[in-house]
Amino acid sequence: MSIEMTLQRTPDGSARSLAESAARRDPRAEPAIVRVAIITLAIAFLSIFVVLPLVVVFVEAFGRGVVAYLSALADPEAWSAIRLTLGVAAVSVGTNLVFGLAAAWAITKFDFPGKTFLITLIDLPFSVSPVISGLVFVLLFGAQGFLGPWLQDHDLQILFAFPGIALATIFVTFPFVARALIPLMQEQGTQEEEAAISLGASGLQTFFRVTLPNIKWGVLYGVLLCNARAMGEFGAVSVVSGHIRGETNTMPLLVEILYNEYQMVASFAIASLLAMLALITLIAKTILERNIDGDMPHDD
Amino acid sequence: MTIEARGVVKSFGAFKALDGVDLKVANGELLALLGPSGSGKTTLLRIIAGLEWPDAGEILFDGENALDRGARERHVGFVFQHYALFRHMNVFENVAFGLRVQPRRIRKTEAQIRARVKELLDLVQLDWLADRYPSQLSGGQRQRIALARALAIEPRILLLDEPFGALDAKVRKELRQWLRTLHHSINVTSIFVTHDQEEALEVAHRVVVMDKGRIEQVGSPSDVYDSPATAFVHGFIGESIMLPVEVTGGAVHLNGRPLDIAVEGGAAGASTLFVRRHDMLIGPADSGTLHGAVTHVRSFGPVQRAEIALTEGSTIEIDAPRDRELRIGDRVGLKPRHYRIFAGG
Amino acid sequence: MTIEARGVVKSFGAFKALDGVDLKVANGELLALLGPSGSGKTTLLRIIAGLEWPDAGEILFDGENALDRGARERHVGFVFQHYALFRHMNVFENVAFGLRVQPRRIRKTEAQIRARVKELLDLVQLDWLADRYPSQLSGGQRQRIALARALAIEPRILLLDEPFGALDAKVRKELRQWLRTLHHSINVTSIFVTHDQEEALEVAHRVVVMDKGRIEQVGSPSDVYDSPATAFVHGFIGESIMLPVEVTGGAVHLNGRPLDIAVEGGAAGASTLFVRRHDMLIGPADSGTLHGAVTHVRSFGPVQRAEIALTEGSTIEIDAPRDRELRIGDRVGLKPRHYRIFAGG
Amino acid sequence: ADVSLLNVSYDPTRELYVEFNRAFAASYQKETGKSVEIKQSHGGSGAQARSVMDGLQADVVTLALAYDIDAIAGRGLLDKEWQKRLPQNAAPYTSTIVFLVRKGNPKGIKDWDDLLKSGVDVITPNPKTSGGARWNYLAAWGYQLKKTGSADKARQFVADLYKHVPVLDTGARGATVTFVERGVGDVLLAWENEAYLALKEFGKEKFEIISPSLSILAEPPVAVVDRVVAKKGTQAAAEAYLKYWYTKEGQEIAARNFYRPRDPDVAKSYADAFAKLDLFTIDDVFGGWTKAQKDHFGEGGIFDQIYKN
Amino acid sequence: MSVLAPRRSTLPGFGLTMGLTLTWLSLIVLIPLAGLFVRSTDLSLAQFWDIVTSRRTLSALKISFGLSFAAACVNLVMGTIVVWALVRYRFPGRRLFDAIVDVPFALPTAVAGVALTALFAQKGWLGAPLAAMGIKVAFTPLGIFIAMIFIGIPFVVRTVQPVLIDLDPEIEEAAASLGASRWHIVTKVILPSLTPALLTGFALAFARAVGEYGSVIFIAGNLPNVSEIAPLLIVIRLSEFRYADATAIAVVMLVVAFVIIFAVNRLQRWAQSQAST
Ligand SMILES: Nc1ncnc2c1ncn2[C@@H]1O[C@H](COP(=O)(O)OP(=O)(O)OP(=O)(O)O)[C@@H](O)[C@H]1O
Ligand SMILES: Nc1ncnc2c1ncn2[C@@H]1O[C@H](COP(=O)(O)OP(=O)(O)OP(=O)(O)O)[C@@H](O)[C@H]1O
Ligand SMILES: [Mg+2]
Ligand SMILES: [Mg+2]
Ligand SMILES: O=S(=O)([O-])[O-]
């Protein structure tokens, strides 16, 4: 709504003299020179730091033609990496979704002491170095770690296998769904739920019929970001993966490996898949944001 | 159904929101809870609805303890100040919600639900809005849909938290009469919260005046208006002139000068004289017991409102009939027709 | 300083927010802009303040063109409905802002600024709040700080956009008198916007009634109340009974039955009869020219309000003195003391 | 597959083991009738050893230096005497350290001393993480020590050398990529096989190999991880796998991938492929890996001291 | 838990969801992180101190924190400019640029690292012209700085953007009608109003950059004491089998991360309480 306000207030350069003097004197507008300078700076900055790296990925990926690109993707190792990545992402998104919903419910619908602290703990993985995220699981499950000997006795492989990679990824993507939901649900308050309960709905009915439909875009938004990060995680996975070809290499790891094997096209081909995923995520996110806004009643 | 609250106490942290509230609501009554912001009106309503639990005290529905039942089981229709309509459901589904979530064995068939919702939408005169979403409704329409939704479950009690609080003055006035008529036709024991005295007095059978978590007075609209029980009620309801007086030796003194009015109530010492604006009769300078000069006059409508600087020091506003025109500078004499004296400055 | 608007037109897209507004405000006058939501009050005020430019027309301050100056140079004090206080500054700094951003050559010294702010805070009686932040103030206090801030630059004109719009009823009423007194003491040409007629009538010297981007009437409070120029003004100001009538052959007909009242104004054909509630005199069933039965009565305060179902079909509400008690079911006769007839259904 | 082996190896052996695994699988199938599948893991030698210690289920480790396998043995995963279980110190192929320079050798680099010429940027990975880098370091040290006979001079030489290093990659392969792909530096200190591979991948018209007058004999060792094979029951296959290195076919594969074969016959037939230069061994000059590691790369060792100042 | 819960509450599920939250939080985050601390107690305090204050560690921490700080500063300034352009002006491609701000969020860090390296290497599109001017980016601290700017952009933009959008236009108008120049309005009214959001964005960008690994190691020279970041040092210590050292560095970084995030959350609460009028 304020976007439209800005829209209205931004001078449209219409020719009449009154409008012109309005444009000159709009108390919320900068002089044209400043305006142009700011826009130029912003575009230049974003182009250099964001657009160009993205372009590089695609240029390199398609540098030797589409055939080379496709054959790079047809490689069984690429497939195995894609499968693993999808599997890991599915598991982390799934668990973090359940957790995120539970955490958001507990935090936003009830009052209890230590809320900020709890939110901080949930946020923590966000700013923990991915390397440390991997390291903690090595310390926990490694052969020399706390649980290592016990795991080995029971023949359980966690590190350097799917569970370890999934755990590290879950850790890294832990806050995403909860973070997307908490502010949204905080803003929505508890009145609709109270209304539902007083109309005779059970807890589950209230959740599925009232809460969930209201936050569905937020949920999707969190899931998208969680998924993007889960598929793209490098540092943490690198520490716990073991780099077994065709087995424990995720797509980002394969990017590095292929890069190190002078297979630039293949490397950038996988990278371009990930970049594409990122772009799709962003497009979906942009659409969702509009939906989330649309869901919010502005008028009461 | 009757409602009874006994010694209800509720604190938030160190703050006492309700401080021993006793209240009885008769079957089919329409009761207004009136009080300034923060006086505990919403809290009391939420406790009756089962959305909040008291720290002490009892709530009885038809003499039975209600506190061991949750909001879900109390069958109370609650209308929230900001409506709390389900944003993602259209009007029809909003109203149908309470019917759809009933336990399967007593749930109505789809056809029955449709019929009932239709009936309710007719009742609130908004059947043509069935397919709209809440965001496409005006405030007054939302309010009425919220009411229809609350009525759908055939509540034994209807609780309305500032039903018109979020509406603009014009719409509020229109809905007052509508609510009165509606209550007449459904005849469910109802409590509604408001901080607008005019609304309370005009709509309700009885009015409960609250302040600081306590009930100050319960009575019919004319009771609380004409015979306020406490200084607070007198000051809060209607527009009153308040003068600081001293009651000594059976006489009322204003600024040391005795007034020609009888001591009323048990007041003694520093007290306050309360007079309704229209109960302050105005006459020539040599009449009455208070004297002063007119400093400002506005005249429109049935009365003229005059600001009068008393020789005793205060400035008061009175409402006089328009039969005799007042002018700035006129010296006048005043005498209260009805008045109350309450102890305390 | 005088303000004059000449033929001011302002459109937003296809929508005409102001449609040829002419207005003169005298020096030192306190003028109220009154009108329903969307009638263009804020737009007019913003154009005068230099926050918006008209598509056509002129704005003159003391006869000089104001349109070629920006908001910065107009020296207009503007008080926003939602105060627009600077959240990150305390009360003192908010009020001092206008002084601190003055061009260096005319800027006051720190000591002078402090003295001036102190003086202004005294004026609005809030000097004890100097160190608080806006979020720590009540609505009424914020409003007064916003006013003090606007006054700091010694504006030649003071514009207030719904100064009390966001306050609750009680506080609004308290501030009315305060605003009147304040204006009296600073005596700056002021325009304030409101959609509360009581406020406009009680506070302003003159009232401008707007509707749909046009001025419907300009006049003193009693002018607009007692002699509304248009049907809109009559309906908008004060509480009116409106009855659809037919004016034919020099007589007024309600539902085909001629009424015993003179045709007033130039109305002919389908028209509307406007009567103030308190101007509808009530008497025994055989008196008057309209007849009906009492269906509801509320009596408190100086009058009793009765709902009467007319035999002619409509239901009206009237205000009668309390000298004769009305009861539900009473059959009564009615006769308008004052009334207006305007053409159109 | 009937048997599945995991070979945890270091960076530059990626291409080598592709070919070797294929040949071994065929041969094993023929001899035993069982199919075998070999999985590979590559990375910096130290990091790879760390993973094995932390529980990566490697049947065999084929790392850049004995020290890393010693570290694994230190955790009890295999016999401390592992190096005696296979011929030639359990190093079935050897290599050495050479220089890769840009075509035409614009900076005129002929021998170790030329690396210190001003304006010469040297690319070598981080000895803390890369096996290859340690060989590079030791080769430089050994050259200077042999030339001057002074440990102090050697130390000074190495310290000066690292002042010419603008990038320290974590692995040998990373360093190669930096040099050939990113165009950083004038000379890459590289495994001989790595240098040849770069020539093959990027063309003789871009780079050339310079062999210094003296270098080190690098012996990348291989070993079966006893604990793992015992658990997985893959001991026979794992041992067969490593023994296959010592066959003619194995040695040929090493030679074809620019590793110097141990087998004299194979060596002779590939004599032209490798430059003739004098090689010293780590035992000769440094008294074995354990000592070299402790003196040079351990905590507070000489390398740390170089980067202290 | 029952201590935490309201005595009786209207909405159900507090026990269940809180239980699930705490259990899951403990399993995934708290216990593993606690393991880190327990491991670090293998070290005596003196040992811990020695590791953390060794020149190499200090340099790495200094590089990580210093460059992150510098990058966050750049992001603070440029992010504000970007937000301003996106919110206040219309220009062709505005929506596209708005969407693209999030790329660093969604793009895998390794891909970003490889791409940035290719871009800024001496033969790269930007590296070549810069090299001609004598500026080397890739494999220098400047490269780390660039990568850190890359990953930090969205944090500043996305925290400040909604606040600027919601900023009441009336406060600017109020300032203008009080006689303030545009410069005064921006510096005295708008920027101070954005301060909590700016600080939050800054802290988030900073925290993320400090921990960043994937996009940095490709472009960093990784020279000890010069361009070796703390996360890389942890990896190096691990491959040297020096777990204690790795753990000690990790503990330091973790504590700092926690403090930053906690401060950010407090800041946001405070800003919210200021905003609630
Ligand atoms: N959940 C809560 N936590 C803390 N304090 C509360 C809570 N709910 C209400 N209060 C406090 O209890 C007091 C009474 O609140 P209540 O909402 O009942 O007032 P009210 O009479 O409805 O006022 P209003 O007219 O403003 O709605 C207030 O001071 C309020 O701040
Ligand atoms: N910037 C704008 N863009 C588009 N329409 C606008 C804008 N400002 C005002 N309008 C429209 O112009 C009309 C007049 O608006 P204005 O704000 O002047 O009304 P108002 O009389 O102040 O009403 P209210 O009592 O609701 O404040 C309204 O219909 C409004 O929607
Ligand atoms: Mg309330
Ligand atoms: Mg307005
Ligand atoms: O792979 S290396 O250990 O030689 O870097």
Side-chain angles (χ1 to χ4, degrees), chain A residues 2 5-6 10 27-28 30 35 38-39 41-42 45-46 49-50 52-54 56-57 99 102-103 105-106 109-110 112 116 119-121 123-125 127-132 135-137 139-140 146 170-171 174 193-194 197 203 228 232 234-235 252 255-256 259 271 274-275 278 281-282 286, chain E residues 4 10-14 17-18 20-21 24-25 28-29 32-33 35-36 39 78 81-82 84-85 88-91 97 99-100 102-103 106-112 114-116 118-119 149-150 165-166 169 172-173 176 182 207 211 213-214 231 234-235 250 253-254 257-258 260-262 265:
Chain A
S2 351
M5 296 281 285
T6 340
T10 305
R28 299 185 63 230
E30 289 79 29
R35 209 155 58 219
I38 287 180
I39 293 175
L41 260 179
F45 179 73
L46 288 180
F49 282 94
V50 184
L52 273 184
L54 208 55
V56 165
V57 171
F99 163 80
W105 181 270
K109 302 293 178 192
F110 303 92
F112 53 90
T116 315
I119 295 179
T120 301
L121 288 181
D123 275 350
L124 192 53
S127 61
V128 168
S129 176
V131 169
I132 298 177
L135 172 63
V136 294
F137 290 103
L139 294 182
L140 205 56
F146 297 104
I170 292 173
F171 180 99
F174 190 75
E193 282 79 10
E194 287 184 350
I197 297 278
F234 175 76
V255 169
E256 187 204 22
Y259 182 80
L274 288 167
T281 303
L282 294 185
T286 312
Chain E
L4 293 179
T10 327
L11 297 181
F14 181 75
T17 53
M18 195 65 182
L20 197 63
T21 304
W24 201 232
L25 182 71
I28 297 291
V29 179
L33 288 182
L36 190 69
R39 238 332 144 81
M78 292 312 297
I81 289 176
V82 168
W84 196 274
R88 289 296 172 96
Y89 305 139
R90 303 299 97 150
F91 53 92
F97 280 105
I100 234 154
D102 280 326
V103 163
L107 195 68
T109 52
V111 174
V114 172
L116 284 172
L119 196 57
I149 291 178
F150 172 83
I165 287 178
D166 283 344
E172 288 170 60
E173 295 176 346
R182 188 65 193 152
Y213 177 72
I234 293 177
V235 170
M253 295 186 65
L254 192 66
F258 182 84
I260 292 176
I261 287 294
F262 193 70
N265 282 333

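Proteins come first, then strands; the chains are lettered A, B, ... in the order of their sequence lines, and each starts at number 1.
Nearest heavy-atom pair, E/Pro12 versus A/Phe110, reported as atom, atom and distance to 0.1 Å: O-CZ, 3.6 Å. Closest of all the heavy-atom pairs between E/Leu11 and A/Glu194 is CD2-N, 4.1 Å.
The choice from E/Ala118, E/Ala176, E/Gly13 that makes the most heavy-atom pairs within less than 4.5 Å of chain A is E/Gly13. Listed options E/Ile260, E/Val235, E/Val114 were ranked by heavy-atom pairs under 4.5 angstrom with chain A; first place goes to E/Val114. When the candidates E/Leu107, E/Asp102, E/Thr109, E/Ile149 are compared by the number of heavy-atom contacts under 4.5 Å with chain A, E/Asp102 comes out ahead. Chain A forms more heavy-atom pairs under 4.5 Å with one residue of E/Leu20, E/Leu25, E/Leu254, E/Leu116 than with any other, namely E/Leu25. When the candidates E/Pro231, E/Ala112, E/Ala207 are compared by the number of heavy-atom contacts under 4.5 Å with chain A, E/Pro231 comes out ahead.
Side-chain contact between E/Phe258 and A/Leu121 is present, with at least one heavy-atom pair separated by less than 4.5 Å. In this structure the side chain of A/Phe99 never reaches within 4.5 angstrom of the side chain of E/Ile28, judged on heavy atoms.
With 3.5 Å as the limit, one finds no donor-acceptor pair spanning the side chains of A/Thr116 and E/Asn265.
Heavy-atom distances place the side chain of E/Arg182, and not its backbone, under 4.5 Å from chain A. If you measure heavy-atom distances from A/Pro125 to chain E, the contacts under 4.5 Å come from the side chain alone.
Between A/Phe234 and E/Tyr213, the ring-plane angle classifies as parallel under the 30° and 60° cut-offs.
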